[in-house]
Student: 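Can you keep this structure in mind? I'll have questions shortly.
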Amino acid sequence: MSEWLSEHQPDVVLIQETKQRDATFPFADLERRGYESAHHGQGQWNGVAIVSRVGLVDVQRGLDGDDEARFIAATCDGLRVYSCYVPNGRALDDPHYAYKLRWLASLGLMLRERDQDQPLVVGGDFNVTRSDLDVYDPTAFVGATHVSPPERSALEALLDTGLVDLGRTWHPDEPAFTWWDYRNGSFRRGWGLRIDYLLADERTAQRVREVSVDRDARKGEKPSDHAPVVADIDW
DNA sequence: ATGTCCCAACTTTTGGGA
């Protein structure tokens, strides 16, 4: 993480699956590097954070009615940012899948009720593909989560509140995968999914210069199974 | 198509979650 910060010099970072309590989050290390942090931790699972070197105020932890650490919001230099870790769902007949749909609906309600004049970037691990272009082999996902119509509709409903999918807008024809399973040599074989998004309001989207997926971060020693989605915004 | 990784625990192996 700190190597990645040094190399890329981001102003704001949205992190998911920190998998720790607030007490162990490296606030001090990040501060030495010039970054303020807000963390909403839980323990072994979940955990979300926002790290910023351009200010960090008005922190909101948790989604209304949710008791898991999957949402944190803050304002960084006038830009409102959400860091979201959408429930995985596990299987279509698992209670966790119903929880996933409820969670997405709850985020959708919050987005519908927001101040539309407030510049906003909603980012994170959504655990949903928007379309089959986001899936390395749709036949391998028949009957699985991450591709089902209810999830995709729920994701589309978020965009319908006036948000732009920056990754797909800047890369309309290539998969731009963001996640590869640790198993099966999936990364080497190109078996990925695009499930991580940066969604911006239309005015902010117009100020975006470049969007990329940092695939290099998926290589090397003990990588995350996700690669960061990076947006360069002319702020 | 299920080959990894990590963590917790009634811990030295197993189960669960991603």
Side-chain angles (χ1 to χ4, degrees), chain A residues 1-4 13-26 29 39-50 62-63 66-72 82-104 106-107 122-148 150-152 154-155 158 167 175-198 213-229:
Chain A
M1 176 66 194
S2 41
E3 275 177 36
W4 195 86
V13 188
L14 309 177
I15 307 172
Q16 300 81 40
E17 283 196 279
T18 59
K19 297 183 175 179
Q20 60 195 291
R21 293 166 291 114
D22 291 340
T24 62
F25 190 80
D29 285 353
H39 183 243
H40 182 37
Q42 184 177 320
Q44 185 186 2
W45 305 114
N46 311 317
V48 283
I50 296 170
L63 212 52
D66 187 27
D67 59 1
E68 299 196 358
R70 297 178 174 276
F71 178 91
I72 189 167
Y82 297 175
S83 178
C84 304
Y85 178 43
V86 177
N88 176 289
R90 297 173 192 163
L92 299 186
D93 60 356
D94 193 300
H96 205 257
Y97 177 75
Y99 169 51
K100 180 182 199 173
L101 295 179
R102 285 199 307 276
W103 201 97
L104 286 164
S106 177
L107 177 59
V122 179
D125 174 3
F126 287 77
N127 275 316
V128 182
T129 56
R130 273 192 82 192
S131 78
D132 283 353
L133 180 58
D134 305 321
V135 184
Y136 67 93
D137 179 3
T139 65
F141 280 81
V142 173
T145 59
H146 295 57
V147 302
S148 73
E151 296 165 69
R152 286 183 171 171
L155 177 57
L158 306 183
F177 297 145
T178 65
W179 176 87
W180 298 262
D181 201 313
Y182 284 122
R183 296 168 290 189
N184 313 319
S186 295
F187 183 64
R188 180 173 51 78
R189 292 165 128 143
W191 293 352
L193 299 178
R194 193 175 73 99
I195 54 176
D196 300 274
Y197 302 97
L198 292 173
V213 177
D214 180 17
R215 293 169 53 94
D216 289 343
R218 183 62 176 76
K219 304 170 185 171
E221 286 280 299
K222 297 194 184 288
S224 165
D225 46 358
H226 296 257
V229 183

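All values reported here derive from a predicted model rather than from experimental measurement. Chain letters run A, B, ... following the sequence lines, proteins first, then strands; residues in each count from 1. Computed over heavy atoms, backbone and side chain alike; hydrogens, waters and symmetry mates excluded.
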Student: Rounded to the nearest angstrom, tell me the gap between atom CD in A:Q42 and atom P in B:dC7.
Tutor: 16 Å
Student: Counting C-beta onward and ignoring hydrogens, is there a side-chain heavy-atom pair between A:V229 and A:Y197 closer than 4.5 Å?
Tutor: no
Student: Across the strands shown, which category fits A:R189 at heavy-atom distances under 4.0 angstrom: base, sugar-phosphate, nothing?
Tutor: base
Student: Could you measure between the two P atoms, the one in B:dT2 and the one in B:dC7, and give it in whole Å?
Tutor: 26 Å
Student: Starting from P on B:dC5, measure out to CZ on A:F187 and report it in whole angstrom.
Tutor: 14 Å
Student: Taking only the P atom of each, what is the distance from B:dC6 to B:dT11 in whole angstrom?
Tutor: 22 Å
Student: Specify the closest pair of heavy atoms between A:Q42 and A:A69, including all atoms of both residues, with the distance to one decimal.
Tutor: OE1-N, 2.8 Å
Student: Could you walk me through whether A:D214 and A:W4 pass the side chain to side chain donor-acceptor pair (under 3.5 Å) test, one step at a time?
Tutor: CA-CA 10 Å; A:D214 180 17; A:W4 195 86; 2.7 Å; yes
Student: Step by step, would you call A:F177 with A:F187 a ring-ring contact (aromatic ring centres under 6.0 Å, His included)?
Tutor: CA-CA 10 Å; A:F177 297 145; A:F187 183 64; over 10 Å; no
Student: Using a cut-off of 6.0 Å, state whether more than 12 heavy atoms not belonging to A:R189 lie near its atom CZ.
Tutor: yes
Student: Would you mind building the protein contact string for nucleotides 8-18 of chain B? One character per nucleotide, 5' to 3', B for base within reach (heavy atoms under 4.0 Å), S for sugar-phosphate only, - for untouched.
Tutor: S--------BB
Student: When the C1' atoms of B:dC10 and B:dG15 are compared, how many Å lie between them, rounded to an integer?
Tutor: 14 Å
Student: So, taking the atom named CG in A:L155 and the one named CG in A:N127, what distance separates them when rounded to the nearest 0.5 Å?
Tutor: 11.0 Å
Student: Give a yes/no on whether any side-chain N or O of A:K222 is located under 4.0 angstrom from OP1 or OP2 of B:dC6.
Tutor: yes
